[in-house]
Amino acid sequence: MSTKPLQTKNLYFTSRLLKALEGIWEHPPIVEAPMGYGKTTVVKHILSRADANVLWLRVYDDSTDNFWDAFARLFGELKDGLNISLVQLGLPDDAVSLRETLKLLGGIELSRKCVLVIDDYHLLGSPEIDGFLTALIENEVENLYIVLTQRYTKLQKLEELSLKGLLYHITKESFELSAEDIVEYYGKCGVSISQEQAGQLYLTTEGWISALYLMLL
């Protein structure tokens, strides 16, 4: 193994992962992987290069009220008065309120692509929010794209939406680095290793980039 000055701030994404996420413009992805696989980092990387308005909603707890307030505030940036209307209507929990909410959101005229990212979505665990987002995905608001990042998913209609081509499920397998990827990743960070060493690293870490990063240091 040979080394140069470490360049540990260099980001590394496999081509298959980037290709999977670039499908965001065709169908909303659910990005599912355990902590430390780089879900948030790669989504930010993809969107930083896109000509799109990004609405980033970070989930911190299981409060549906906090989620809805944040959701309303973000969408209020797109249309005057929409924030107040969404707060007054509240998180839709029946067919009538759901229809009214979708009508409000469908009335937004988006002149350019707009991406709603819900980061750490797994913390919510709310059937009402699941139902609302499922309906929003099914209604396909023009120029509105949705990305969910989470450690695990319980979305009830996940398989159905996937079969309909309305959603793409990206799992941790897309994030795992092969032995060849590890050679490339370490090289980008200033460390040259053999294929045999990369194979040992893969067996030890199973391609988990956080563990590979720590071993790199």
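Basis for what follows: all heavy atoms, side chains included, without hydrogens, waters or symmetry-related copies. None of the values given here were measured: they were computed from a predicted structure.
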**OP:** Taking all heavy atoms of Lys172 and all of Glu176, pick out the closest pair and write down the distance.
**Re:** NZ-OE2, 2.6 Å
**OP:** Please name the pair of heavy atoms, one in Val31 and one in Lys39, separated by the smallest distance, quoted to 0.1 Å.
**Re:** O-CD, 3.7 Å
Original post:
Can Tyr168 be reached from Leu116 by stepping across I, L, V, M, F, W or Y side chains whose heavy atoms are under 4.5 Å apart?
Top reply: no
Original post:
Hey, is CD on Glu196 packed in by over 12 heavy atoms from elsewhere, all under 6.0 Å?
Top reply: no
**OP:** Step by step, work out the side chain to side chain contact (heavy atoms under 4.5 Å, CB included) result for Val43 and Thr149.
**Re:** CA-CA 9 Å; Val43 170; Thr149 74; 4.0 Å; yes
Original post:
Do any N or O atoms from the side chain of Asn10 and from the backbone of Lys188 form a donor-acceptor pair under 3.5 angstrom?
Top reply: yes
**OP:** Mind checking the CD-CG spacing from Glu109 to Asn143? Nearest 0.5 Å is all I need.
**Re:** 11.0 Å
**OP:** Quick one: do Asp130 and Tyr121 satisfy side-chain hydrogen bond (donor to acceptor under 3.5 Å, both in side chains)? Show the steps, please.
**Re:** CA-CA 10 Å; Asp130 275 358; Tyr121 181 70; 2.4 Å; yes
**OP:** Check whether any side-chain heavy atom of Glu140 lies under 4.5 Å from a side-chain heavy atom of His27, and answer yes or no.
**Re:** no
**OP:** Decide yes or no on side chain to side chain contact (heavy atoms under 4.5 Å, CB included) for Asp51 and Arg112, but give the supporting numbers first.
**Re:** CA-CA 8 Å; Asp51 180 21; Arg112 61 194 290 247; 3.0 Å; yes
Original post:
Is the Phe132 to Trp68 ring centre distance short of 6.0 Å?
Top reply: yes
Subject >> Steps toward side chain to side chain contact (heavy atoms under 4.5 Å, CB included) verdict (Leu212, Leu201) >> reply: CA-CA 7 Å; Leu212 288 164; Leu201 285 167; 4.0 Å; yes
**OP:** Treating Ile, Leu, Val, Met, Phe, Trp and Tyr as nodes and any side-chain heavy-atom pair under 4.5 angstrom as an edge, say whether Leu144 and Leu21 lie in one connected cluster.
**Re:** no
**OP:** Could you tell me the separation between the CD1 atom of Ile146 and the CG atom of Leu133, rounded to the nearest 0.5 Å?
**Re:** 6.0 Å
Original post:
If you draw a 6.0 Å radius around CG in Asp80, do more than 12 non-hydrogen atoms from other residues or ligands fall strictly inside?
Top reply: no
Subject >> Donor on one side chain, acceptor on other, Asp181 and Thr14, under 3.5 Å >> reply: no
Original post:
If you look at every heavy atom in Val183 and Gln195, which pair is closest and at what distance?
Top reply: CG2-OE1, 3.9 Å
Original post:
Are side-chain heavy atoms of Phe71 and Leu91 found at a separation under 4.5 Å?
Top reply: no
**OP:** Could you tell me whether the side chain of Cys114 reaches within less than 4.5 Å of the side chain of Leu78, counting heavy atoms only?
**Re:** yes
Subject >> ILVMFWY network linking Leu102 to Leu167, side-chain heavy atoms under 4.5 angstrom >> reply: yes
Original post:
Aromatic rings Trp25 and Tyr145: how do their planes relate, parallel, tilted or perpendicular, breaks at 30° and 60°?
Top reply: perpendicular
Subject >> Under 3.5 Å donor-acceptor, His122 side chain and Arg151 backbone >> reply: yes
Subject >> Rounded distance [0.5 Å steps], OH in Tyr60 versus CG in Asn66 >> reply: 11.0 Å
Subject >> Backbone of Ser97 reached by a side-chain donor or acceptor of Asp94 within 3.5 Å >> reply: yes
Subject >> Distance, nearest 0.5 Å, that separates OG of Ser178 from OH of Tyr202 >> reply: 8.0 Å
**OP:** Side-chain contact test, heavy atoms from C-beta onward, threshold under 4.5 Å: evaluate it for Leu104 versus Leu89 and give yes or no.
**Re:** yes
**OP:** Please test Leu82 against Ile84 for side chain to side chain contact (heavy atoms under 4.5 Å, CB included), starting from the C-alpha separation and ending with a verdict.
**Re:** CA-CA 5 Å; Leu82 183 58; Ile84 296 173; over 6 Å; no
Original post:
Parallel under 30°, tilted from 30 to 60°, perpendicular over 60°: which one fits the rings of Tyr37 and Phe175?
Top reply: perpendicular
Subject >> Close side-chain approach of Leu11 and Thr41, heavy atoms under 4.5 Å >> reply: yes
Original post:
Nearest heavy-atom pair of His45 and Leu18: which atoms, and what distance?
Top reply: CD2-CD2, 4.0 Å
Subject >> Closest non-hydrogen atom pair, Gln197 against Ser194 >> reply: OE1-N, 2.8 Å
**OP:** Check the surroundings of atom CD in Glu206: do more than 12 heavy atoms from other residues, nucleotides or ligands lie under 6.0 Å from it?
**Re:** no
Subject >> Which atom of Ser174 lies closest to which atom of Leu17, heavy atoms considered >> reply: O-CB, 3.6 Å
Subject >> For Arg99, all residues meeting salt bridge (Lys or Arg N to Asp or Glu O under 4.0 Å), sequence neighbours excluded >> reply: none
Subject >> Electrostatic pair Glu142:Lys113 at N-O distance under 4.0 angstrom >> reply: no
Original post:
How far does CG of Asn83 sit from CG of Leu74, to the nearest 0.5 angstrom?
Top reply: 9.5 Å
Subject >> Ile129 with Leu55, same ILVMFWY side-chain cluster at under 4.5 Å >> reply: yes
Subject >> Heavy-atom donor-acceptor pair, Thr171 side chain to Glu32 backbone, under 3.5 Å >> reply: no
**OP:** May I ask you to test the Val59-Ile118 pair for a side-chain heavy-atom distance under 4.5 Å?
**Re:** yes
Subject >> Pi-cation contact, Trp56 with Lys44 (under 6.0 Å, within 45°) >> reply: yes
**OP:** To the nearest 0.5 Å, tell me how far Leu98 CG sits from Asp93 CG.
**Re:** 9.5 Å
Original post:
Hey, quick one: are Tyr213 and Met215 part of the same hydrophobic cluster, counting side-chain heavy atoms closer than 4.5 Å, chains of contacts allowed?
Top reply: yes
